[in-house]
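Since the structure comes first, as structure tokens, the remarks are kept for the end.
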Amino acid sequence: MTSFQRFAETCRRIEAISGSIEITGIVADFLRDVDVGELDISTRFVMGRVFPVWSQEELGIGPSLLYSALAKSAGVSEKDIENLVRDTGDVGLAASSALGAKTRRTLGFVEEEALSISEVYSRFSAVAGMTGKGSQSSKINKLKYLFSMAKPDEAVYLARLAIEELRIGVGEGIVRDAIAAAFNVPVELVERGYMLTNDPGIVAVTARSEGENGLLRLGVSLFKPVKMMLAQVAESIESAVTEMGAPAVEWKFDGARVQIHKSGDSVRIYSRRLENVTASLPDVVRAVKVEVTAREAILDGETVATGENGKPMAFQEILRRFRRKYNVSEMAQKIPLHTRLFDILYKDGKSLIDTPLLMRRQLLESCASSGILASQKVTSDIAEINSIYQQALDAGHEGIMLKNPASLYTPGKRGKNWLKFKPLMETLDLVVIGGEWGEGRRAHLVGSYMLACRDPDTGEFLPIGRVGTGLTDEMLTELTGLLKALIIRENGKLIEFEPKKVFEIAFEEIQKSPNYDSGFALRFPRLVRVRDEKSPDDCDTIERVEQLYAGQRT
Ligand code: AMP
């Protein structure tokens with residue numbers, strides 16, 4: 001068995017460095033070293049997860065429960081723990097300093113008994129299994145025992161794991177590269193395995209014990225959600241038709257993505273983030289049981305909350321359904337859901353992800369009644385596609401999807417085989433704070449502009465991304481003329497502008513991003529116009545960006 005100390009040491013070393021290549025190396029060493037029986041757990045632990053995302057097990061430890069357990073273990077008050085967390089800014093450091101010399105291991109009571117990774121896991125698992133009356137205090141007692149077994153430096157990571165916020169910066173990408181490096185297998189196969197199983201633990205174990213061939217054998221299986229295939233933005237309907245010939249056109253429903261796994265009478269539903277949301281959606285389960293005749297199937301679709309006027313309700317309403325744990329049926333009456341299936345990934349023992357779209361569609365139609373299917377029309381007729389688009393918008397949906405009829409189902413990929421076409425989203429008024437001189441014949445023109453939103457508390461301008469692509473030479477000349485007088489500083493090709501000019505920017509989507517100080521970035525930003533009538537103080541704030549972000553579908 002591998003000691004939890006080894007895990008804590010790994011985390012500490014990772015925290016001390018920032019280069020992702022070095023971090024990958026440390027994770028790879030750790031994965032190679034751990035006992036094979038603990039490899040799946042260890043792979044998840046290093047990503048800050050105790051259970052696979054798709055599993056039904058949930059730790060259910062919030063900060064207040066953790067503080068109570070720490071207070072009990074350390075013999076101090078919960079207030080003391082809260083103060084420590086506030087002072088250190090980290091629950092892990094608070095745990096180690098509260099526990100200090102108190103732990104039994106430090107006192108030498110159980111020195112010979114090192115806490116192992118699997119023991120930590122099995123105790124967490126026991127905590128997850130506790131529900132109902134009295135479960136809070138039983139959870140606290142279990143955790144208290146765990147903390148009393150840990151040395152202070154282990155307690156740092158034990159506390160963070162307990163709330164699944166390890167904060168050492170190891171995500172999917174690093175783990176994928178580390179598995180490839182540790183077990184000498186191609187990174188693409190690790191990636192493929194991860195997209196199919198959505199379980200880095202299984203991928204690591206397979207890579208270690210069965211190598212490349214084992215990874216190749218990994219496939220979709222029932223009740224293990226597959227990463228969902230995603231869509232890119234279509235420039236225009238015409239360009240999609242040029243690229244695809246006759247695309248399969250479907251409404252882009254304004255709802256929430258669901259992946260449905262069915263085996264006989266058991267049905268499970270996973271959200272876009274692949275969380276098991278079955279318990280919240282009994283009406284969807286019922287509909288699937290009635291309308292899908294396949295004995296076994298993995299189905300992909302969108303579930304829509306329909307309002308009294310027959311139009312889709314706001315995305316937030318659907319989220320209320322997805323998050324509901326109690327009085328589920330009451331909520332189901334208030335916010336009824338109608339599901340539209342548009343794909344099938346597996347049917348009666350056979351994986352279909354390598355089957356072309358139109359054949360998958362035939363199979364889908366053969367095992368689901370039309371009431372639960374998304375309509376699809378394969379056509380290259382632009383006028384017909386435009387009319388489907390208009391119908392979708394009139395019905396209150398988002399637009400259309402244009403899918404390559406020959407395409408395979410590529411889990412987790414945002415590729416060109418699925419294109420979405422919808423009206424532009426909201427716009428933001430953003431201040432221009434920087435730019436970059438162009439290249440070649442555009443060397444005398446500012447080719448891209450750095451944009452920022454405003455922090456009303458500090459008055460600072462927080463960068464949120466650049467706009468540049470799609471601007472004609474004519475527009476660039478005009479903008480360069482407008483902004484030249486505002487140059488404060490230049491460094492090579494980079495320019496800093498006095499924050500004076502406001503651009504109205506349309507975009508496709510707001511994403512979280514560590515690259516900009518605002519914490520956000522815009523996908524496909526486009527300049528709508530220069531807002532000469534607006535001063536930088538009137539530009540949009542970080543709060544508005546946060547609101548728009550929260551209102552987007554996830
Ligand atoms: P987006 O979230 O803008 O990248 O668009 C992709 C999302 O559109 C998918 O994740 C689905 O939730 C949703 N969607 C709605 N209708 C369809 C459809 N007919 N085919 C695929 N995705 C759809």
Side-chain angles (χ1 to χ4, degrees), residues 195 225-235 237 240 244 247-260 269-275 277 281 284 298-306 311-319 321-322 337-345 353 357-358 360-361 364-365 368 370 372-379 385 388-389 391-393 395-405 407-426 506-512 521-524 548-554:
M195 293 299 169
V226 180
K227 291 242 183 202
M228 308 215 185
M229 181 161 173
L230 301 170
Q232 276 187 16
V233 177
E235 286 288 324
I237 291 178
M244 293 180 181
V249 185
E250 295 163 4
W251 283 9
K252 184 175 191 312
F253 297 96
D254 186 4
R257 188 85 174 258
V258 280
Q259 189 177 100
I260 300 168
I269 305 172
Y270 302 92
S271 68
R272 161 91 174 252
R273 296 169 64 185
L274 306 186
E275 285 158 350
V277 288
L281 309 178
V284 179
I298 300 179
L299 305 150
D300 194 357
E302 184 88 349
T303 196
V304 179
T306 320
K311 294 211 166 165
M313 296 184 187
F315 186 57
Q316 279 84 341
E317 301 293 320
I318 306 183
L319 283 189
R321 284 293 316 270
F322 274 57
L337 295 177
H338 292 106
T339 306
R340 294 285 170 261
L341 300 176
F342 48 72
D343 219 321
I344 182 161
L345 282 54
I353 61 164
L357 174 69
L358 291 191
R360 296 203 303 277
R361 175 75 196 191
L364 178 61
E365 284 175 9
S370 58
I372 200 169
L373 285 179
S375 307
Q376 188 191 72
K377 176 83 195 175
V378 182
T379 176
I385 300 177
I388 300 175
Y389 175 62
Q391 286 160 18
L393 296 184
H397 291 287
E398 289 190 356
I400 47 173
M401 303 289 299
L402 300 136
K403 299 181 178 175
N404 183 338
S407 61
L408 313 183
Y409 192 96
T410 44
K413 290 261 154 49
R414 196 182 279 287
K416 282 204 170 118
N417 284 324
W418 281 16
L419 296 177
K420 53 187 171 184
F421 184 72
K422 54 184 185 178
L424 288 180
M425 212 186 137
E426 314 247 2
F507 51 87
E508 176 62 33
E509 201 169 71
I510 300 176
Q511 295 177 312
K512 290 241 181 208
L522 305 178
R523 283 188 69 211
F524 303 111
L548 286 177
Y549 175 78
Q552 286 177 175
R553 59 173 53 258
T554 45

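As the structure is a prediction and not an experimental result, all values here were calculated from the model. Whatever order the structure lists them in is the order used to number ligands and atoms, beginning at 1.
By the criterion of a heavy-atom distance under 4.0 Å, both the backbone and the side chain of F253 are placed next to ligand 1. With a heavy-atom cut-off of 4.0 Å, M228 does not touch ligand 1 at all. Looking at M401 against ligand 1, only its side chain comes within 4.0 Å, counting heavy atoms. With a 4.0 Å cut-off on non-hydrogen atoms, K420 touches ligand 1 through its side chain and not its backbone. Residue contacts with ligand 1, taken as heavy atom pairs separated by less than 4.0 Å, do not involve E398 at all. Contacts between W418 and ligand 1 below 4.0 angstrom, taking non-hydrogen atoms only, involve the side chain exclusively.
For the pair L337 and T303, the tightest heavy-atom approach, listed with the atom from each and the gap, is CB-OG1, 3.5 Å. Between A374 and F342, the shortest heavy-atom contact is CB-CB, 4.1 Å.
The side-chain heavy atoms of W418 and L230, taken from C-beta on, include no pair separated by under 4.5 Å. Residues M313 and I318 fail the side-chain proximity criterion, which asks for heavy atoms closer than 4.5 Å.
The side-chain contact (heavy atoms from CB on, under 4.5 Å) with L299 is formed by just one residue from the set I269, I372, I344; it is I344.
By the 30° and 60° cut-offs, the orientation of the rings of F253 relative to H397 is perpendicular.
Ion pair E365/R361 flagged as a salt bridge, since at least one NZ, NE, NH1 or NH2 atom sits closer than 4.0 Å to an Asp/Glu carboxylate oxygen.
Each of the following atoms of ligand 1 lies closer than 4.0 Å to a heavy atom of R272: 2 (O), 10 (O). For ligand 1 and E250, the ligand atoms under 4.0 Å from any heavy atom of the residue are 18 (C), 19 (N), 20 (N). Interface atoms of ligand 1 facing K403, defined by a heavy-atom separation under 4.0 Å, are 18 (C), 20 (N), 21 (C). The atoms of ligand 1 that sit less than 4.0 Å from any heavy atom of W251 are 16 (N), 17 (C), 18 (C), 19 (N). Near R414, with a cut-off below 4.0 Å to any heavy atom, the atoms of ligand 1 are 4 (O). Taking every non-hydrogen atom of K422 and a distance limit under 4.0 Å, the qualifying atoms of ligand 1 come out as 3 (O).
Enclosure of atom CD in E235 is not indicated, since only 12 or fewer non-hydrogen atoms of other residues, nucleotides or ligands lie within 6.0 angstrom.
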